[in-house]
Amino acid sequence: MSSTPVQAARSELTGFTGELIGPDDTGYEEARSVYNAMADKRPALVARCADADAVARVIGFARAHSLPLAVRGGGHHGAGLGTVDGGVVADLSPLKDIQVDPEARTVRVGGGCVWGEVDQATHAHGLATPSGIVSTTGVGGLTLGGGLGHLTRRCGLAIDNLLEADIVLADGRRVRASADENSDLFWAIRGGGGNFGVVTSFVFRLHEISTVVAGPTFWPVEIGAEVLAAYRDFIPNASRELNGFFMFGCVPPAPPFPEELHLRKTAGVMWCYTGDDTEAAAREMAPLLDALPQPMLHAVGPMPHPVLQSMFDGLYPPGHQWYWRADFVDDIPDDAVELHAKFGAEVPTMQSTMHLYPIDGAAHDVGPEDTPWAYRGSRWASVFAGVDPDPANAELIKRWSVDYNEALHPYSAGGAYVNMMMDEGQERVRASYRGNYERLARIKADRDPDNVFRLNQNIQPAPKPSHEARP
Ligand code: FAD
């Protein structure tokens with residue numbers, strides 16, 4: 001290419017519906033950045049795609065010029081998968097269309113939406129679909145990797161509520177995937193990440209969830225082992241209406257938290273009871289609260305579902321340093337509890353945290369081979385997240401996250417949730433899909449044989465079967 005990629009794109013992609021942004025353009029700094037400031041990359045071209053045709057043309061452009069292609073939904077992946085040095089970013093952020101069908105209880109969502117936009121639209125009808133715990137996370141990446149959050153125990157993972165997807169394939173063809181159409185692809189995208197194509201629109205099932213009873217309970221970190229052991233014994237027996245993820249972290253130094261608790265290290269549970277009956281919620285939480293000493297804070301009350309969904313947004317704005325590790329966990333023996341308590345008491349910065357997200361309840365209704373998400377028998381997804389605004393602390397938070405994970409990994413089920421892993425290599429990706437990897441690799445070979453979509457937790461195309469020697 002004698003011209004730069006952005007010059008070539010401007011001359012070749014005439015009538016492109018969207019924006020083509022190169023390193024010399026105003027707005028490039030903003031266009032190149034993703035959520036994790038550690039992923040500080042400089043693409044040659046950021047193509048903001050306003051429709052599926054634009055997506056297909058950008059894929060074709062990247063292929064024609066042998067440029068690596070990153071596909072960006074919300075840009076939240078910890079490994080910075082939504083950007084690439086010297087390559088092309090297909091930025092889906094203009095794909096914002098949201099259509100709620102309250103009768104059918106479905107929502108159609110553009111591939112570049114973030115969850116807060118969806119939550120607001122569905123809440124207007126008293127409805128919700130499972131997503132995560134931060135409203136700025138992209139629908140695209142979260143869903144394609146699985147999607148766990150406050151509604152997991154009641155409604156399952158995001159993929160368990162996915163009904164249909166419109167996809168642009170590596171060769172530019174546009175297809176629909178559902179249980180009845182391109183069912184191989186529909187299976188693969190429910191956990192297999194962005195390996196198979198670019199999803200320009202998703203259709204999700206909606207649930208009658210409007211007000212929830214939610215908020216945190218915090219105990220002093222000094223009794224972290226006692227709190228975790230009690231939580232471990234409690235949550236698997238709680239009803240599906242109650243979700244509660246365990247956390248080690250710090251009390252944020254801001255309202256509504258009382259000043260005397262600011263920055264106190266804590267072992268806590270973040271609750272979500274899916275209903276508006278505060279007494280019923282209290283009854284559900286009581287066995288855990290009764291089993292433990294008085295908490296230092298129990299700030300649980302009724303709130304609209306989107307308020308809960310955005311509760312962490314202020315604490316975790318974009319542009320901070322992130323390093324995280326993850327595992328799936330079947331059980332938490334006492335030895336593991338002690339190790340958790342040790343590392344939990346050593347959180348290195350105010351935003352660094354360890355979460356144990358329950359993945360039982362409705363998520364266990366789906367079999368391990370029904371979708372690529374293989375760990376349906378596990379009870380928790382753990383994440384060890386080192387977070388801080390200051391790049392000078394990058395090594396500190398990484399060290400804590402890695403050391404913590406390495407200490408606990410021997411107690412894990414083997415693989416990890418692909419949405420909460422860094423770039424940790426093929427063996428780790430394989431372990432995360434267990435026996436489903438081979439089927440994913442065959443579908444990949446069929447749908448993306450040249451591995452155009454490789455900036456993800458990559459599934460390598462299965463080798464073509466070697467032909468038998470002819471007689
Ligand atoms: P991106 O970085 O844009 O994309 C991630 C991957 O998905 C890339 O490989 C990209 O190519 C691909 N992709 C994105 N959109 C599309 C699309 N439309 N078509 C094809 N491929 C696409 N996860 C949870 O499950 N639950 C949580 O509660 C949760 N909380 C989080 C909170 C924070 C603050 C952060 C940073 C992450 C959180 N995550 C959570 C993890 C999150 O699911 C992943 O980071 C996810 O990949 C983010 O999706 P994205 O579209 O924002 O990311």
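Positions are given from 1, in the same order as the sequence printed here. Indexing begins at 1, ligand by ligand and atom by atom, following the structure's order.
Comparing heavy-atom distances from atom 27 (C) of ligand 1 across L92, L81, L148 singles out L148 as nearest. When the options A385, G141, G80 are ranked by their closest heavy atom to atom 14 (C) of ligand 1, first place goes to G141. The option from I189, T143, V134, D91 that lies nearest to atom 32 (C) of ligand 1, judged by heavy atoms, is V134. In this comparison of L455, T200, N419, V84, the heavy atom closest to atom 41 (C) of ligand 1 sits on N419. If you check each of L142, V387, V114, N456 against atom 46 (C) of ligand 1, the one with the closest non-hydrogen atom is L142.
Here the heavy atom of the protein found nearest to atom 18 (N) of ligand 1 is V199 O, 2.9 Å. Nearest to atom 42 (C) of ligand 1 among the protein's heavy atoms is T137 CG2, 3.8 Å. At the shortest separation from atom 48 (C) of ligand 1 among protein heavy atoms lies H76 CB, 3.7 Å. Here the protein heavy atom with the shortest distance to atom 1 (P) of ligand 1 is G75 N, 3.4 Å. Atom 34 (C) of ligand 1 has Y35 OH, 3.3 Å as its closest protein atom, hydrogens excluded (heavy atom only). Scanning the protein heavy atoms around atom 11 (O) of ligand 1, the nearest turns out to be V71 O, 2.6 Å. When only non-hydrogen protein atoms are considered, atom 45 (O) of ligand 1 lies nearest to H77 CA, 3.2 Å. From the protein, the heavy atom lying nearest to atom 52 (O) of ligand 1 is G138 N, 2.9 Å.
Looking at F245 against ligand 1, nothing comes within 4.0 Å, counting heavy atoms. Heavy atoms of L144 found under 4.0 angstrom from ligand 1 belong exclusively to the side chain. Contact annotation: for M420 versus ligand 1, heavy atoms closer than 4.0 Å belong to the side chain alone. Within the 4.0 Å heavy-atom criterion, the part of W322 lying near ligand 1 is the side chain and not the backbone. For N36, no heavy-atom contact with ligand 1 is shorter than 4.0 Å. Looking at F453 against ligand 1, nothing comes within 4.0 Å, counting heavy atoms.
Outside the 6.0 Å centre-distance limit, the rings of H320 and Y316 are not counted as a close aromatic pair. A distance of 6.0 Å or more separates the ring centres of F384 and H355. Ring-centre distance between W380 and F245: not below the 6.0 Å cut-off. Ring centroid separation for the pair W373 and F328 comes in under the 6.0 Å cut-off.
Not a single heavy atom of G193 lies less than 4.0 angstrom from ligand 1. Not a single heavy atom of G149 lies less than 4.0 angstrom from ligand 1. Ligand 1 lies less than 4.0 angstrom from a heavy atom belonging to W324. At least one heavy atom of G197 lies less than 4.0 angstrom from ligand 1. Contact analysis puts Y417 in contact with ligand 1, with a non-hydrogen atom separation below 4.0 angstrom.
One distance of note links NE2 of H77 with CG of N456; it measures 9.0 Å at 0.5 Å rounding.
Side-chain N/O atoms of N182 and R447 include a donor and acceptor closer than 3.5 Å. Side-chain contact of D97 with Q99: a donor-acceptor pair under 3.5 Å is present, judged by distance alone. Between the side chains of T17 and D51, a donor-acceptor pair is found at a separation under 3.5 Å.
Between the side chain of D448 and the main chain of N451, a donor-acceptor pair closer than 3.5 Å is present. Counting only distance, with no hydrogens or angles, the side chain of Y231 and the backbone of G244 share a donor-acceptor pair below 3.5 Å. A distance-only check finds no donor-acceptor pair linking the side chain of D423 to the backbone of A79 [under 3.5 Å]. No donor-acceptor distance shorter than 3.5 angstrom exists from the side chain of T200 to the backbone of I167, with no hydrogens or angles considered. Distance alone, capped at 3.5 Å, places no donor-acceptor pair between the R32 side chain and the R42 backbone.
The 12-atom threshold is exceeded at CZ of R108, counting heavy atoms of other residues, nucleotides or ligands nearer than 6.0 Å.
Relative to the ring axis of F218, R264 does not place its NZ or CZ within 45° and under 6.0 Å from the centre.
Residue G132 places no N or O, backbone or side chain, under 3.5 Å from any N or O of ligand 1. At under 3.5 Å, not a single nitrogen or oxygen of G78, backbone or side chain, sits near a nitrogen or oxygen of ligand 1.
Set against the non-hydrogen atoms of G111, the atoms of ligand 1 under 4.0 Å away are 18 (N). Annotation for ligand 1: atoms under 4.0 Å from non-hydrogen atoms of V198 are 19 (N), 20 (C). The contact set between ligand 1 and G194, taken as ligand atoms under 4.0 Å from a residue heavy atom, comprises 21 (N). Applying the 4.0 Å criterion to heavy atoms of G74 picks out, from ligand 1, the atoms 3 (O), 50 (P), 51 (O), 52 (O). For ligand 1, the atoms closer than 4.0 angstrom to any heavy atom of R72 are 3 (O). Near I133, with a cut-off below 4.0 Å to any heavy atom, the atoms of ligand 1 are 27 (C), 28 (O).
Using a 4.5 Å heavy-atom cutoff, the side chains of C250 and V347 are in contact.
Between Y433 and Y437, the angle of the ring planes lies from 30° to 60°, which puts this pair in the tilted group.
Test R240, R376, R379, R154 against D360 for salt bridge (charged side-chain N to carboxylate O under 4.0 Å, His left out) and you get one pass: R379.
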